[in-house]
Amino acid sequence: DRANRAKSRFLATASHDLRQPMQTIRLLNATLLRMVQHTDMSELLRQQGQAIESMARLLNALLDISRLESGAIEPVNREVRVADLFEELHSEFASLARARNLDLQMAAAVEVLSTDRTLFYQLLQNLVGNALKYTDSGWVRLKCSLESQGLVIAVEDSGIGIPADKLERIFDEYYQVDTHGAKRMGVGLGLAIVKELVRLLGFSVTIRSKLGEGTQVALNIPTKHRMLSASVAPGLVPVHAPVSAAHKPRLILVEDNEGVRMATELFLKVEGYQTLSAATSGRGRVLLLGILPGDIVIADYHLDGGNTGLDLIQRLRERLGHEVPGVVLSGDLPAVRRTIRRPLPLVISSASQWIRRRCWQPSPI
Ligand code: ADP
């Protein structure tokens, strides 16, 4: 028991205290890259950026797998439209697919499931990420079909494939097939995370692959997770309109971590946004007294004194009597999920990506 408690403490500390400085370093690197004119310096920063990304990938994968294995995660089921997940995956991976000259295809899907949205999305993210990583030319395809034993969601690619004698081991932690250059792109934990997620969600996974032709990973979802599509209200459709330079909204940032606040503010300013910032929830409330129509609030979830960014935005909305666009930033999605009982219409992982695409919904969070 003591060892277990110590492990939980370590995980909580690691998630919070390592992810925050990591986020600061990433933002500073991204900001410097935009500011620097000198080609040599840009190249150094790009290399630094790559090192930071691989460190962040390893850290996140290690934390994910430890958290999943510690048994601390309880799936929270709710209605999930497969089409919404596909759309979100498409918007997350489209630019990577373009950069790798691959055709990313999502089949039409009408199915609605009862499952944990966050965990299921993480599962698909890992599979789509792998398919794109291990495909040099051709396509990556997501399909959803109804079979006699339940629903099957398949991620298929026309990639390098996996040798038959290695298929059994690829779900092991840190196991990587020696695939020349591609090996360096991962840390060997993606499929181990997939295995844990599949177990938690009550699904099963099968993989078929042919060397040099491609791979198909199928998630078999038992019928009990299937819901009738008719019982579901239409999902919120994100608005993908580019922000015109002339109409960039003003941003009000509330973030109590000094490093993250400074780096985020700098990054947003370099991106051309007028940004006001507050270091405490109290100071944030004062700033928000002067909020103007069109402003967007960006708040950290865990603020000082046990306050949350969500409360801050909700109280502001109550005071004004109307919706105000707000973004809550957090590396602690489980805590956010515990607080928000109603379904999250949209989970966005990067504020700059969010602002650029303007995926704002006039709805609670
Ligand atoms: P990694 O971080 O190396 O991608 P994973 O656990 O996600 O680790 O995958 C384990 C190994 O399985 C990879 O190193 C790769 O060799 C192989 N693999 C996974 N997905 C695919 C795929 N879609 N096509 C070809 N090989 C794959």
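Both counts, for ligands and for their atoms, begin at 1 and track the order of listing.
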For this session: Pull out every atom of ligand 1 sitting under 4.0 Å from any heavy atom of Ile170, numbered as shown with elements.
Result: 10 (C), 12 (O)
For this session: Return yes when Gly161 approaches ligand 1 closer than 4.0 angstrom through a heavy atom, no otherwise.
Result: yes
Exercise. Atoms of ligand 1 less than 4.0 Å from Lys133 heavy atoms?
Worked result: 1 (P), 2 (O), 4 (O)
Exercise. For the atom pair CE (Met55) and CG (Asn60), what is the distance rounded to the nearest 0.5 Å?
Worked result: 11.0 Å
Exercise. Do any nitrogen or oxygen atoms of Gly190 lie less than 3.5 angstrom from nitrogen or oxygen atoms of ligand 1?
Worked result: yes
For this session: Specify side chain, backbone, both or neither for Leu191, according to which of its non-hydrogen atoms lie closer than 4.0 Å to ligand 1.
Result: both
For this session: Go through the steps to decide whether Thr215 and Glu156 satisfy the test side chain to side chain contact (heavy atoms under 4.5 Å, CB included), and finish with yes or no.
Result: CA-CA 6 Å; Thr215 303; Glu156 305 180 349; over 6 Å; no
Problem set entry | Under 3.5 Å donor-acceptor, Ser209 side chain and Gly214 backbone | yes
Exercise. Checking His225 side chain against Thr115 main chain: does a donor-acceptor pair fall under 3.5 Å?
Worked result: no
For this session: Any atoms of ligand 1 less than 4.0 Å from a non-hydrogen atom of Val177? List them with their elements.
Result: 14 (O), 16 (O)
Problem set entry | Per-residue contact class, Leu189 against ligand 1 - non-hydrogen pairs under 4.0 Å | backbone
Problem set entry | Any Phe10 side-chain heavy atom under 4.5 Å of Ser66 side chain | no
Exercise. For ligand 1, is Glu173 a contact, meaning one of its heavy atoms is under 4.0 Å away?
Worked result: no
For this session: Check step by step if side chain to side chain contact (heavy atoms under 4.5 Å, CB included) holds for Ser158 and Thr135.
Result: CA-CA 6 Å; Ser158 62; Thr135 302; 3.8 Å; yes
Exercise. Do the numbers put Lys195 on top of the ring of Phe171, so that NZ or CZ is under 6.0 Å from the six-membered ring centre and no more than 45° off the axis?
Worked result: no
Problem set entry | Option set Val187, Val194, Ile207, Ile162, criterion heavy-atom distance to atom 26 (N) of ligand 1, minimum | Ile162
For this session: Evaluate side chain to side chain contact (heavy atoms under 4.5 Å, CB included) for Leu89 paired with Gln125, printing each intermediate quantity in order.
Result: CA-CA 7 Å; Leu89 286 163; Gln125 255 178 331; 4.2 Å; yes
Exercise. Which one of Tyr175, Tyr134, Phe171 has a non-hydrogen atom at the shortest distance from atom 22 (C) of ligand 1?
Worked result: Tyr134
Problem set entry | Atom indices of ligand 1 within 4.0 angstrom of Gln176 heavy atoms, with elements | 1 (P), 3 (O), 14 (O)
